[in-house]
S.K.: 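My questions will all concern the structure given below.
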Amino acid sequence: NAGVTQTPKFQVLKTGQSMTLQCAQDMNHEYMSWYRQDPGMGLRLIHYSVGAGITDQGEVPNGYNVSRSTTEDFPLRLLSAAPSQTSVYFCASSRLGGSYEQYFGPGTRLTVT
Amino acid sequence: AQKVTQAQTEISVVEKEDVTLDCVYETRDTTYYLFWYKQPPSGELVFLIRRNSFDEQNEISGRYSWNFQKSTSSFNFTITASQVVDSAVYFCALSEEETSGSRLTFGEGTQLTVNP
């Protein structure tokens, strides 16, 4: 099993550009989510999904879109990148329910200039 | 709303010292789960432990131990005889079965540096 994979690992964007961060898991997990990690702020939830076709907003959803067309994939779209979106982005997956540990991808370091 | 506080932003110790990382949480749910994750300098997030709200037994795993106290809403993590390889950022996190399901709320993290 590859677990949770994320691409790219690094990305530099100019303000106003759009891009998609890819996330895939091969564990047949129902739950997938995206977090951003900023210094001194821990990980904050951007969007999450409890199954194919179902998505919802987390704590910091503005400027990001998601979709979940398959169980395996959960891409995160930046519509018009801003310097405030410079961060490290982590995708995670787990079985559905609060008791299950989440498996994290390796992260994507995004810089917006 | 749920909240996790890790008041210690940075801790620096010398190898072989014991160190405790504090975690205080807030929740209105009666069923909830607490987690610790480790983030070494390489950047990945590594799951360490999960504890549910009905199990207040302390847990020990090698040099690691966890103290869960509902009376003080705390879930502290102690490393005994610390080693340089323990240097990492440690995150405490909370999920609530009823209110938020699988969603995790993280604390701000504690940067632990173990010096040789």
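Just so you know, these numbers come straight off a predicted model, no measurement behind them. Just so it is clear: chains get the letters A, B, ... in the order the sequence lines come, proteins before strands, and each one is counted from 1.
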S.K.: Measure Tyr103(A) against the heavy atoms of chain B and call it side chain, backbone, both or neither at under 4.5 Å.
M.R.: neither

S.K.: Taking the six-membered ring where the residue is Trp, are the ring centres of Phe104(A) and Phe47(B) under 6.0 Å apart?
M.R.: no

S.K.: With a 4.5 angstrom heavy-atom cut-off, could you sort out which part of Glu59(A) is near chain B: side chain, backbone, both or neither?
M.R.: neither

S.K.: Which one, Glu30(A), Met41(A), Gln102(A), leads in non-hydrogen pairs under 4.5 Å with chain B?
M.R.: Gln102(A)

S.K.: In sequence, state the C-alpha distance, the side-chain angles, and the governing distance for Phe74(A) and Tyr48(A), and then conclude on ring pair (Phe, Tyr, Trp, His ring centres under 6.0 Å).
M.R.: CA-CA 9 Å; Phe74(A) 191 45; Tyr48(A) 65 97; 8.8 Å; no

S.K.: Can you tell which part of Ser99(A) gets under 4.5 Å to a heavy atom of chain B, answering side chain, backbone, both or neither?
M.R.: both

S.K.: Tell me, side chain or backbone of Arg95(A) under 4.5 Å from chain B's heavy atoms, or both, or neither?
M.R.: backbone

S.K.: Is it the side chain or the backbone of Leu43(A) that comes within 4.5 Å of chain B heavy atoms, both, or neither?
M.R.: both

S.K.: For Tyr64(B) and Phe77(B), I'd like to know if the aromatic rings sit close, meaning centre-to-centre distance below 6.0 Å.
M.R.: yes

S.K.: Out of Phe35(B), Phe106(B), Tyr32(B), return the one with the most heavy atom pairs under 4.5 angstrom to chain A.
M.R.: Phe106(B)

S.K.: Calculate, to the nearest 0.5 Å, the distance between atoms CG and CD1 belonging to Asp22(B) and Ile11(B) respectively.
M.R.: 7.0 Å

S.K.: So for Gln39(B), is it side chain, backbone, both, or neither that comes closer than 4.5 Å to the heavy atoms of chain A?
M.R.: side chain

S.K.: Distance only, no hydrogens: is a donor on one side chain within 3.5 Å (strictly under) of an acceptor on the other, for Thr78(B) and Thr20(B)?
M.R.: yes

S.K.: How close do Ser49(A) and Ile54(A) get, counting heavy atoms only, and between which atoms?
M.R.: OG-O, 2.5 Å

